[in-house]
**Student:** 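Structure provided below as structure tokens; questions to follow.
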Amino acid sequence: MATPAGSSASLPWWWVVIIGRRPKRTLVRIAVLVSVCFVLFKFVLAPIRIVGPSMLPTCRDGQVHVLNRLAYRSHEPRRGDIVGIKYTGEHVLLLKRIIGLPGETVGFHDGRLLINGQTVEEPYVRYPCDWEMAPKAVRPGYFFVVGDNRSMPLEFHTRGQFEREKILGKLVL
Amino acid sequence: MKPRLSFLVVVAALGAASLWAWHAWSPSPEKAIRHRLEALARTASFGPNEGGLARMRYGEQLAGFFAENAEVRLDVGNTVATKGGREQLRDTAVGVRMTLGSLQVEFHDFNIFLGADRHSAEVDLTAVGRTPTEPDPEVYELKFLLTRTGGDWMIRRVETVKTLR
């Protein structure tokens, strides 16, 4: 029986495993895959690795999560969203939860969050908290963020308000 | 290949090589500033088992990156520390070196704004510091002001910027 020239019968097994029976098609697949990954991770998603305990128990040290860069194209950030905040770029980020919206006042009494003087339930806070913080006004165009781990003393916990433009994306995974 | 085509290919290759060499040997001010600050981060870093000579030279080497009347203002936690002048910076660096067992400094996400005179620049960057006593790295947003003096970019001022206010 004759075998057509260039058929897989004449190819070594490792060639078939690594490159496939049709190298041109494999090349096209690789190019498409690389392009899709590039677009996805450059413009849509941002993978991040958690360092530190400030978002416990929601996000643990060493875990890998993904931010959605397009989350706030159609609506403004909401209370309860976990967002990645840029310092001066995208290499190192702060991961915090939004608790205060523009124009509101944010405070803590006996560990409970007060928004405009009213207590707000936070089901994601699992550790005991005794924070006391006098109400602070959130500036227009700014959002107030804090971590979920409220068991650490208030003075050691990075918190505060930042401009909307500093948000890289919303935590989705 | 026809002789004329070969000639064109050689000329194009020589042109590309010249362009690459020109870029490599005479970097843009932005690139020079970036290299300078990366060198500062490398110099500021030290391991636990370095010799006495390295320890002695540490302050001198670090001070070499700063202008004579440079100022450093760090707002870290609840402490604000301002140091001015090369001498004071050198002494502070030696003090830090004696206190910490080791320190690893990295600079990321450079935003470089060159002045209109091209002899001054402002740089925003993210600094990450790791010490053996702290399990988590310390991260700060820093603003540098630099001036070009005698071909070198010297740091005139450094200050921390509060990302969360």
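Letters go in sequence order (proteins before strands), and every chain restarts at 1.
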**Student:** Counting only heavy atoms not in A/Asp130, do more than 12 sit closer than 6.0 Å to its CG atom?
**Tutor:** no
**Student:** Kindly indicate whether the side chain of B/Asp109, heavy atoms from C-beta on, has any atom under 4.5 Å from the side chain of A/Tyr87.
**Tutor:** no
**Student:** Contact part of A/Lys86 toward chain B, heavy-atom cut-off under 4.5 Å: side chain, backbone, both or neither?
**Tutor:** backbone
**Student:** Tell me the closest heavy-atom pair linking A/Val51 and B/Pro137, and the distance in Å.
**Tutor:** CG1-CD, 3.4 Å
**Student:** Just verifying a value: how many Å separate A/Leu94 CG and B/Thr163 OG1, rounded to the nearest 0.5 Å?
**Tutor:** 6.5 Å
**Student:** Quick check on the hydrophobic clustering: are A/Trp13 and A/Trp15 connected, directly or via other members, by side-chain heavy-atom contacts under 4.5 Å?
**Tutor:** yes
**Student:** Looking at A/His157, I'd like to know if its NE2 atom is crowded, meaning that more than 12 non-hydrogen atoms belonging to other residues, nucleotides or ligands lie closer than 6.0 Å.
**Tutor:** yes
**Student:** Let me confirm one number: the CZ-NE2 distance from B/Phe110 to A/His91, rounded to the nearest 0.5 Å.
**Tutor:** 10.5 Å
**Student:** Do the side chains of A/Val92 and B/Val105 join up, straight or via other hydrophobic residues, at under 4.5 Å, putting them in one cluster?
**Tutor:** no
**Student:** Roughly how far apart are B/Asp136 CG and A/Ile50 CD1, rounded to 0.5 Å?
**Tutor:** 11.5 Å
**Student:** Is it possible for you to say whether A/Val83 and A/Leu93 belong to one hydrophobic cluster, with membership spreading through side-chain heavy-atom contacts below 4.5 Å?
**Tutor:** no
**Student:** Say you draw a straight line from NZ of B/Lys162 to OG1 of A/Thr158; how long is it, rounded to the nearest 0.5 Å?
**Tutor:** 9.0 Å
**Student:** Is the CD atom of A/Glu76 crowded by more than 12 outside heavy atoms at less than 6.0 Å?
**Tutor:** yes
**Student:** If you look at every heavy atom in A/Thr88 and B/His108, which pair is closest and at what distance?
**Tutor:** OG1-O, 3.9 Å
**Student:** Mind checking who shares a hydrophobic cluster with A/Tyr124, ILVMFWY linked at side-chain heavy-atom distances under 4.5 Å?
**Tutor:** A/Ile99, A/Val106, A/Phe108, A/Leu113, A/Ile115, A/Val120, A/Val125, A/Trp131, A/Met133, A/Val138, A/Tyr142, A/Phe144, A/Val146, A/Leu154
**Student:** Let me know if A/Glu163 has heavy atoms under 4.5 Å from chain B in its side chain, its backbone, both or neither.
**Tutor:** side chain
**Student:** Among B/Leu142, B/Val128, B/Asp124, which residue has the highest count of heavy-atom pairs closer than 4.5 Å to chain A?
**Tutor:** B/Asp124
**Student:** If you group Ile, Leu, Val, Met, Phe, Trp and Tyr by side-chain heavy-atom gaps below 4.5 Å, do B/Val139 and B/Leu40 land in one group?
**Tutor:** no
**Student:** Against chain B, label A/Arg159 side chain, backbone, both or neither, depending on which of its atoms sit under 4.5 Å from a heavy atom there.
**Tutor:** backbone
